[in-house]
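Computed from heavy atoms alone, side chains included, the values below leave out hydrogens, waters and symmetry copies. Just so we're on the same page: letters track the sequence lines, and every chain starts at 1.
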2 protein chains.
Amino acid sequence: MDRRTATIQDVARVAGVSTATVSRTLSKPAVVTKATRDAVLSAVAETGYRVNTTASNLRRQRTGSVIVLLPNIANPFFAQILAGLSSVLTPAEYGMLIADTQSGPDADARLAHYLASGQADGLVLLDGTLSAEVLASPARPPIVMACEWMGSTLPSVRVENARGGALAVGHLAQLGHRRIGHVTGPPANVLTQTRLEGFLSTLRELGLPQNPDWVLEGDFTMDSGAAAARAWLGLTDRPTALFLSSDEMATGFIGEVQRAGLSVPGDVSVVGFDNIEIAQHLAPGLTTIRQPRTQIGVRAAELLLTMIESNSRDAPSEIIEVELIRRGSAGPPPD
Amino acid sequence: MDRRTATIQDVARVAGVSTATVSRTLSKPAVVTKATRDAVLSAVAETGYRVNTTASNLRRQRTGSVIVLLPNIANPFFAQILAGLSSVLTPAEYGMLIADTQSGPDADARLAHYLASGQADGLVLLDGTLSAEVLASPARPPIVMACEWMGSTLPSVRVENARGGALAVGHLAQLGHRRIGHVTGPPANVLTQTRLEGFLSTLRELGLPQNPDWVLEGDFTMDSGAAAARAWLGLTDRPTALFLSSDEMATGFIGEVQRAGLSVPGDVSVVGFDNIEIAQHLAPGLTTIRQPRTQIGVRAAELLLTMIESNSRDAPSEIIEVELIRRGSAGPPPD
DNA sequence: GTGAAAGCGCTAACAA
DNA sequence: TTGTTAGCGCTTTCAC
């Protein structure tokens, strides 16, 4: 019993055919006669043969993998998109290589590296802060954006972020709020911009006041939500409701407000964004804008595979809808 | 300007040397003269050459990637271990391939497949429910377990799970509780077993009552924590404190208890396990057992790389310490 | 210190 | 339908 794994040569010898026939049998079984197919398959079983992916890839001038570039794997938000990506890529026999842009120093350089390296048949970008020039690379593989990106014309799977902001404000206004504030994500992030836009334009449409003091800066984390709560507590002229650009921030916000002895929604109404798992387990439940993250991953992967297989660098972008989820954290304003 | 990327041949031609010299210059620069090294490096710059990893791997009989087998990428718990793994594997030029055992039907078969496929230089297992026999595979690559696994003798990075259970019970007992319950993870899971053991043995040591009605079954999710809360509410003879085998469950539990109009820790004290991010943002903050997940990933990756590079199938296992984090969710029992 | 040459294991023309 | 053959791009002896 040999320690080394069997090669296609071994199978060919055992089956009494050429290596080409073995290869054919495995990749397009219809093209060989049943007799040879049976012989080959039993030789495969006997030898325990598995194709050597590396050799196959080299010969076929492909890599069999897709690189996913994201800011932070540990963020549950991305983790769920990854799950969606994986559910499509794995069955299609593509490996998913994950590159964390936060772990290294220069994210742009990393991207440039991956573009040039030829280490992947395609790229999925989940980081909206990368610089666009990098993509000028001449022989780059197909790329799909799974987030918004200012001024990019790349094929993308995007969520109706502006509409999410609009839904949030609309809901709060309908509950009777007129003094509505916002906690943003990190300023450089496009999601931040778009949700803020939806927020502001809806205030305008509804004729509600726009007070710059009521727009607080966050960075999507729970910590920054808690900080926003402290800032809100310190305002002399507090808004009665807040739309926060992520559920994580909303969670941190609510916790801090409650620890200060105030009540949600009694003293302040809160609407988040994402509908992460915890939203329904908080007390009160978190009213939020649902964005289907697994689906974003699934569609992005499908788009990318289409591009890879048709050897195209372009594909129709896709918009994924958001939805308001009503729970207990938003109610009528205090009299 | 050619569309195709430059090969080692192109570099050799431009530099006026052989391909062997180019290869040497790039892998062990010390072995060539400064003159040739300079010529080669400038030719590399000029042509924009990058080594073709696939070809290199084929020639060197390696794959350059590590497979990580886990139950569910979307789980933030695993996501953080992945971050740790990635922070070691990426700089070492290993790709990290992620295989989700939940997405396919037969996890054991998947594992067997990966073991035999030769698609990776090493494996990291994060799934404690896989069957041990599968590992009998003859020519398998190095494997590291980053979780406990009944009866396995594989090199592993483990956490002091039993001690965690003991710390939780000890803390609650010290606060004055004598009626202490437990919410477990899924029964098949080894973590479940070990934490339960720590829980039970400490009750015994401290002479506290062991009531089977006070041990509720969960599955680590927030939903199951909420369900446990409903079960607890339905008990005629309620424990005054609970140790839950995950922070997610504790979060779901607290939310549901609060929605029922009761208070934590006023009516019931809660201790979780993990110290996930939200623990400090709940109101009250969640008292819990900290396990350093990123570090688990880091150590597992380091262990695996050592094994790969020394071509060994064995390595000393490692235990990572846990720690009690005191916050507000555990207090004295109600009189 | 450097070059020539032999493959790693596979697939896809092309020929038979 | 099947076999022959020529590489994919690289690394590594083995000579010099």
Any protein N or O atoms within reach of nucleotides 2-4 of chain C? Criterion: under 3.5 Å, listing atom names and distances.
{"residue": "C:dT2", "atom": "OP1", "partner": "B:T33", "partner atom": "OG1", "Å": "2.9"}
{"residue": "C:dT2", "atom": "OP1", "partner": "B:T36", "partner atom": "OG1", "Å": "3.0"}
{"residue": "C:dT2", "atom": "OP2", "partner": "B:T33", "partner atom": "N", "Å": "3.1"}
{"residue": "C:dT2", "atom": "OP2", "partner": "B:T36", "partner atom": "OG1", "Å": "3.1"}
{"residue": "C:dG3", "atom": "OP2", "partner": "B:S18", "partner atom": "N", "Å": "3.0"}
{"residue": "C:dG3", "atom": "OP2", "partner": "B:S18", "partner atom": "OG", "Å": "3.2"}
{"residue": "C:dG3", "atom": "OP2", "partner": "B:T21", "partner atom": "OG1", "Å": "2.6"}
{"residue": "C:dG3", "atom": "N7", "partner": "B:R24", "partner atom": "NH2", "Å": "3.1"}
{"residue": "C:dG3", "atom": "O6", "partner": "B:R24", "partner atom": "NH2", "Å": "2.5"}

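A heavy-atom distance below 4.0 Å to DNA chain D is reached by these residues of residues 37-54 of chain B, ordered by number: B:Y49, B:R50, B:V51, B:N52.
With sequence neighbours excluded, the residues satisfying side chain to side chain contact (heavy atoms under 4.5 Å, CB included) with B:P292 are B:R290, B:Q295, B:I320. Every residue meeting the side-chain hydrogen bond (donor to acceptor under 3.5 Å, both in side chains) condition with A:S317, not counting sequence neighbours, appears here in chain and number order: A:S156. Residues passing the side-chain hydrogen bond (donor to acceptor under 3.5 Å, both in side chains) test with B:S42: none are found, sequence neighbours excluded. Every residue two or more places apart in sequence or in another chain that forms a side-chain hydrogen bond (donor to acceptor under 3.5 Å, both in side chains) with A:D121 is listed here: A:T63. Every side chain to side chain contact (heavy atoms under 4.5 Å, CB included) that B:A99 has, sequence neighbours left out, goes to B:I67, B:L69, B:R110, B:Y114. By the salt bridge (Lys or Arg N to Asp or Glu O under 4.0 Å) test, B:E321 is found to be paired with no residue, residues two or more places apart in sequence or in another chain being considered.
In this structure, A:R59 places its CZ atom 8 Å from C1' of D:dA6, rounding to the nearest Å. For the pair B:Q61 CD and C:dC10 C1', the interatomic distance rounds to 12 Å; values are reported in whole Å. One can place CG of B:N57 at 16 Å from C1' of C:dG7, the figure rounded to the nearest angstrom. What separates CZ of A:R62 from C1' of D:dG9 is a distance of 17 Å, to the nearest Å. Residue A:R60 contributes atom CZ, which lies 15 Å from atom P of D:dG9 at whole-angstrom precision. In this structure, A:Q9 places its CD atom 12 Å from P of C:dG7, rounding to the nearest Å. Going from atom CG of A:L58 over to atom C1' of D:dA6 covers 13 Å, rounded to whole Å. One interatomic measurement links the two molecules: CG of B:D10 to C1' of D:dC10, which rounds to 13 Å at whole-angstrom precision.
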Determine all donor-acceptor pairs shorter than 3.5 Å in which one atom belongs to a side chain in residues 22-29 of chain B; sequence neighbours excluded.
{"residue": "B:T25", "atom": "OG1", "partner": "B:T21", "partner atom": "O", "Å": "2.6"}
{"residue": "B:S27", "atom": "OG", "partner": "B:S23", "partner atom": "O", "Å": "3.0"}

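Between the two ends of the helix from C:dG1-D:dC16 to C:dA16-D:dT1, each summarised by a five-pair axis, the helix axis turns through 30° (rounded to 10 degrees).
Evaluation of the salt bridge (charged side-chain N to carboxylate O under 4.0 Å, His left out) test over residues 57-73 of chain A, restricted to residues two or more places apart or in two chains, returns none. The list of salt bridge (charged side-chain N to carboxylate O under 4.0 Å, His left out) pairs with a residue in residues 38-57 of chain B, not counting sequence neighbours, reads B:K34-B:D38.
You'll find that the side chain of A:A55 is closest to C:dG9, out of D:dC10, C:dG9, C:dT11.
The shortest distance between the side-chain N/O atoms of A:S56 and the OP1/OP2 oxygens of C:dC10 is not below 4.0 Å.
For the residue pair B:T36 / B:T33, a side-chain donor-acceptor distance below 3.5 Å is found, with atom types taken as modelled.
Judged by distance alone, the side chain of B:N189 and the main-chain N or O of B:G185 form no donor-acceptor pair under 3.5 Å.
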